[in-house]
Amino acid sequence: QVQLVESGGGSVQAGGSLRLSCAISGLTQRSYCLAWFRQAPGKEREGVARIHDSSGSDYYVPSVQGRFAISLDNARNALYLQMDSLRPEDTANYYCAARRYTGTWCGIADSSEYTYWGQGTQVTVSS
């Protein structure tokens, strides 16, 4: 059974940094897409960044490009999101997610494609 547990959220002033962690267990298939999503109050859940475990290929949405960095440890035990130059609009509940890689693009436009989810960790950025 795949389990994802996020940690590392908190409150920070604009311009500050946070590092989110996601402890992973139960991955048994050869290859996965792993991603970070976020959801602000009253808004839909949106993909932020993703990484393909086998190739290391990563992708970021334009709003976080150059400020956030996603990484995965070699044993696939933990997923990270380093967030720098945080802005008030980054305030949201952040979730890690995983799905089996099926040979196509590891997209993050559609959260329903992801099978496994953590419980979320809150990030609050004040101005």
Side-chain angles (χ1 to χ4, degrees):
Q1 181 179 359
V2 177
Q3 290 189 327
L4 306 173
V5 180
E6 302 95 334
S7 61
S11 297
V12 64
Q13 288 192 328
S17 298
L18 283 173
R19 188 187 194 214
L20 305 184
S21 299
C22 176
I24 304 168
S25 61
L27 296 183
T28 59
Q29 299 299 312
R30 180 180 177 185
S31 184
Y32 288 84
C33 301
L34 298 119
W36 288 95
F37 288 79
R38 66 185 180 187
Q39 187 166 19
K43 295 188 177 181
E44 292 188 357
R45 189 169 296 188
E46 65 168 346
V48 173
R50 63 86 176 146
I51 189 165
H52 176 220
D53 62 354
S54 298
S55 68
S57 169
D58 58 10
Y59 170 80
Y60 304 88
V61 293
S63 61
V64 307
Q65 178 75 46
R67 300 189 298 121
F68 289 12
I70 189 171
S71 60
L72 179 67
D73 76 355
N74 290 339
R76 301 192 310 187
N77 289 331
L79 180 71
Y80 304 100
L81 186 68
Q82 177 66 40
M83 305 187 295
D84 298 323
S85 302
L86 283 161
R87 304 168 181 170
E89 54 264 38
D90 295 318
T91 295
N93 207 6
Y94 283 71
Y95 300 87
C96 63
R99 69 169 177 85
R100 188 174 64 88
Y101 178 66
T102 58
T104 58
W105 173 254
C106 275
I108 52 174
D110 184 357
S111 63
S112 68
E113 294 180 348
Y114 284 75
T115 310
Y116 308 105
W117 291 87
Q119 82 289 349
T121 186
Q122 178 67 36
V123 171
T124 302
V125 184
S126 59
S127 57

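Below, all heavy atoms of this structure are taken into account, side chains as well, without hydrogens, waters or symmetry copies.
The line from CG of Asn77 to OG of Ser21 is 12.5 Å long, rounded to the nearest 0.5 Å. Taken to the nearest 0.5 Å, the CZ atom of Arg87 stands 7.5 Å off from the OG atom of Ser63. Rounded to the nearest 0.5 Å, atoms OG1 (Thr124) and CG (Asn93) are 9.0 Å apart. In this structure, CD on Gln29 lies 12.0 Å from OG1 on Thr102, to the nearest 0.5 angstrom. The SG atom of Cys22 sits 8.0 Å away from atom CG of Leu34, with the distance rounded to the nearest 0.5 Å. Distance check: Leu86 CG to Ser126 OG gives 10.5 Å after rounding to the nearest 0.5 Å.
Counting all heavy atoms, side chain and backbone alike, Tyr80 lies closest to Ala78 at OH-CB, 3.4 Å. Here the closest heavy-atom approach between residue Arg45 and residue Ser111 is recorded as CD-CB, 4.4 Å. The shortest non-hydrogen separation linking Gly107 to Glu113 is O-OE1, 4.2 Å. Between Arg50 and His52, the shortest heavy-atom contact is NH1-N, 4.1 Å. Nearest approach of Ser85 to Arg67, heavy atoms of both residues: O-NH1, 2.9 Å. Taking every heavy atom of both residues into account, Ile51 and Ser71 meet most closely at CD1-CA, 4.3 Å.
Annotation: Gln13, atom CD; neighbour count of heavy atoms from other residues, nucleotides and ligands within 6.0 Å does not exceed 12.
Seen from the ring of Tyr116, Arg99 does not count as a face-on cation partner, given the 6.0 Å and 45° thresholds.
The side-chain heavy atoms of Arg38 and Glu46, taken from C-beta on, include a pair separated by under 4.5 Å. With contacts defined as side-chain heavy-atom distances shorter than 4.5 Å, the pair Leu27/Val2 qualifies. At least one side-chain heavy atom of Gln3 sits under 4.5 Å from a side-chain heavy atom of Ser25. The side-chain heavy atoms of Tyr95 and Thr121, taken from C-beta on, include no pair separated by under 4.5 Å. Put simply, the side chain of Gln82 reaches to within 4.5 Å of the side chain of Ser17, judged on heavy atoms. Contact of the Ile70 side chain with the Trp36 side chain is registered, since non-hydrogen atoms from C-beta on lie closer than 4.5 Å. For the pair Val123 and Val125, the minimum side-chain heavy-atom distance is below 4.5 Å. Contact of the Trp117 side chain with the Phe37 side chain is registered, since non-hydrogen atoms from C-beta on lie closer than 4.5 Å.
Formation of a donor-acceptor pair under 3.5 Å by the Gln119 side chain with backbone atoms of Glu6 is found in this model. Looking only at distances, no side-chain donor or acceptor of Arg30 sits under 3.5 Å from a matching main-chain atom of Ser54. The main-chain N or O of Asp110 is never found under 3.5 Å from a side-chain atom of Tyr114 such that the two would form a donor-acceptor pair.
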Checklist entry - Does the pair Phe68 and Leu81 meet the rule for a side-chain contact (heavy atoms from CB on, under 4.5 Å), with working shown? => result CA-CA 7 Å; Phe68 289 12; Leu81 186 68; 4.1 Å; yes

Next on the checklist: Determine whether Met83 and Tyr94 satisfy the following criterion, side-chain contact (heavy atoms from CB on, under 4.5 Å), listing intermediate values before the conclusion.
Outcome noted: CA-CA 11 Å; Met83 305 187 295; Tyr94 283 71; 3.9 Å; yes

Next on the checklist: Applying side-chain contact (heavy atoms from CB on, under 4.5 Å) to Ile24 and Leu79, what does each step give before you reach the verdict?
Outcome noted: CA-CA 7 Å; Ile24 304 168; Leu79 180 71; 3.9 Å; yes

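Under the 4.0 Å criterion applied to side-chain N and carboxylate O atoms, Asp53 and Arg76 are assigned as salt-bridge partners.
The aromatic rings of Tyr59 and Trp105 lie perpendicular to each other, with more than 60° between the two planes, well past the 30° mark.
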